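Input: a single structure, listed below in structure tokens.
Worth saying up front: this structure is predicted, and the values here are computed from it rather than measured.
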Amino acid sequence: MDAIDPDDPRPASQQIANQLRAAILTRKIAPGEKLPSGPQLVERYGVAKATAEQAIRILRDEGLVISRKGSGVYVRERTERPVGLRPHIERAFEAAAVTIDFAGFSGETLHGAIAEPLDRIREGRLRPDALTIRLLVPDASIPWSLPARTDDLSDSPAFRRRATRIMERHALAIVDAVHELSELGLVATANAQVRVFPAVPLFKLYVLNGEQAFFGYYPVREHKLELDSETTAIWDLMGKDATLFQHATDADLESSSSQFVKQSQMWFESIWTSVARDYR
């Protein structure tokens, strides 16, 4: 029987879901393969039927599995699927050494997604040994090709100033929160850093613990804003409307999913160590 850790504060259903998720992402349970049935999970983990059903429900809500009436529950054929970032960020914090690399426009989504795990560290419910967060954002001190004014596609310094305020509100808040954990002695090694680079990304990228990559393109849409007391129409990059797709390293290091994670990490490192510079 697989073990449920009685000292783990998480519910048994969450622990079962975590073990099954790990098996799916490492392809120990392959795409298209059937998951153990409810009675099998009950027997394997020594839990109630409702607990086993809740574990499957968690995986179904995450889009990892699908139910086929009268047949059972199966791993989705495609792992590169639209996903929600928050639950994956929260699980990444369960590792002993947590690393999050972000490349994108402002870090606003990341700021919201890490709020819960940072609170859990402050409460003592999570205790990673190390935490490193790196953020790559566009350099707002130089003209941008996008976002741009809709009338003539020209750069808008006022928009760049506005974007800088948004970035600072979120990215620098992440830096402060992580450094606070270090100062309080809650994480032995904790560091967060923002660097700017001379391009505006048309996508957002997250690499979690070097094992998962989340990638999505920014839709470009017209957006009317008050800039310098004037209503200005801008072709804007709509980060909140970006659809993220997940790629995870699996047992086959040559698979497309494993290679995507590897190449994403290599791309991030190349920008971080070459053309990027520390913000402030």
Side-chain angles (χ1 to χ4, degrees), residues 1-96 98 100 109 112-114 116-117 120 125-126 206-216 242-262 264:
M1 182 174 66
D2 289 325
I4 295 295
D5 184 355
D7 296 325
D8 192 324
R10 294 169 299 182
S13 59
Q14 186 66 64
Q15 293 188 52
I16 295 171
N18 289 351
Q19 292 186 30
L20 292 173
R21 184 187 306 105
I24 292 170
L25 294 179
T26 58
R27 302 208 174 191
K28 292 177 181 177
I29 306 177
E33 187 174 340
K34 186 177 180 180
L35 258 63
S37 66
Q40 287 173 326
L41 292 176
V42 167
E43 182 178 356
R44 176 184 296 183
Y45 291 98
V47 296
K49 177 182 178 182
T51 300
E53 291 174 345
Q54 176 61 21
I56 296 299
R57 189 174 301 114
I58 291 171
L59 299 178
R60 187 186 300 116
D61 290 346
E62 293 174 4
L64 281 171
V65 301
I66 56 173
S67 297
R68 297 175 184 167
K69 190 172 182 179
S71 178
V73 179
Y74 294 80
V75 178
R76 282 188 180 273
E77 291 285 353
R78 295 181 65 242
T79 57
E80 295 82 2
R81 62 195 183 286
V83 293
L85 181 68
R86 187 182 299 269
H88 297 277
I89 290 277
E90 293 177 356
R91 280 191 298 276
F93 272 80
E94 296 171 5
V98 181
I100 299 176
T109 299
I114 67 171
E116 175 65 20
R120 292 175 69 188
R125 296 163 58 198
L126 283 176
Y206 304 83
V207 182
L208 310 184
N209 295 343
E211 299 173 346
Q212 297 184 79
F214 296 80
F215 178 91
T243 299
L244 291 178
F245 289 83
Q246 179 196 25
H247 304 259
T249 300
D250 54 41
D252 180 4
L253 297 181
E254 298 304 316
S255 71
S256 61
S257 193
S258 292
Q259 284 296 308
F260 190 94
V261 177
K262 178 182 178 180
S264 294

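- Ring pair Tyr206/Phe215: centre-to-centre distance not below 6.0 Å.
- Defined by atom type and a distance below 3.5 Å, a donor-acceptor pair is missing between the side-chain atoms of Tyr45 and Gln15.
- Rounding to the nearest 0.5 angstrom, the gap separating the OH atom in Tyr74 from the CG atom in Leu35 is 10.0 Å.
- Looking at Ile16, Ile66, Leu64 one by one, the single match for side-chain contact (heavy atoms from CB on, under 4.5 Å) with Leu59 turns out to be Leu64.
- Between Glu53 and Leu41 there is no side-chain heavy-atom pair separated by less than 4.5 Å.
- Closest approach of Lys34 to Gly72, counting heavy atoms only: CE-CA, 3.9 Å.
- Not one N or O on the side chain of Gln212 forms a donor-acceptor pair closer than 3.5 Å with the backbone of His247.
- Side-chain N or O atoms of Ser257 include one that pairs as donor or acceptor with a backbone N or O of Ala248 at under 3.5 Å.
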Arg120 and Glu90: CA distance, side-chain angles, deciding distance, salt bridge (Lys or Arg N to Asp or Glu O under 4.0 Å) verdict: CA-CA 10 Å; Arg120 292 175 69 188; Glu90 293 177 356; 5.4 Å; no
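- Going from atom NE2 of His88 over to atom CG of Leu244 covers 9.5 Å, rounded to the nearest 0.5 Å.
- Using a 4.0 Å cut-off between charged side-chain N and carboxylate O, Arg86 and Glu116 make no salt bridge.
- Residues Ile56 and Leu20 are in side-chain contact: their nearest non-hydrogen atoms beyond the backbone lie under 4.5 Å apart.
- Taking 4.5 Å as the limit, every side-chain heavy atom of Gln246 sits out of range of all side-chain heavy atoms of Leu85.
- The backbone N or O of Phe260 lies less than 3.5 Å from a partner atom in the side chain of Ser264, making a donor-acceptor pair.
- Separating the NZ atom in Lys262 from the CD atom in Glu211 is a distance of 15.5 Å, to the nearest 0.5 Å.
- Between Gln14 and Ile58 there is a side-chain heavy-atom pair separated by less than 4.5 Å.
- The heavy-atom pair separating Ser67 from Val73 by the smallest distance is OG-CG2, 3.7 Å.
- A donor and an acceptor atom, one from each side chain of Gln40 and Ser37, are located under 3.5 Å apart.
- One distance of note links CD1 of Ile24 with CD of Gln19; it measures 12.0 Å at 0.5 Å rounding.
- In this structure the side chain of Phe93 reaches within 4.5 angstrom of the side chain of Ile100, judged on heavy atoms.
- For Pro31 against Val75, the heavy-atom pair with the smallest separation is CA-CG1, 3.8 Å.
- Nearest heavy-atom pair across Lys49 and Val42 is CA-CG2, 3.7 Å.
- The two atoms that bring Ala213 and Val261 nearest to each other are N-CG2, 3.8 Å, heavy atoms only.
- Taking both residues in full, the closest heavy atoms of Ala52 and Gly38 are given as CB-O, 4.1 Å, listed atom of the first, atom of the second, then distance.
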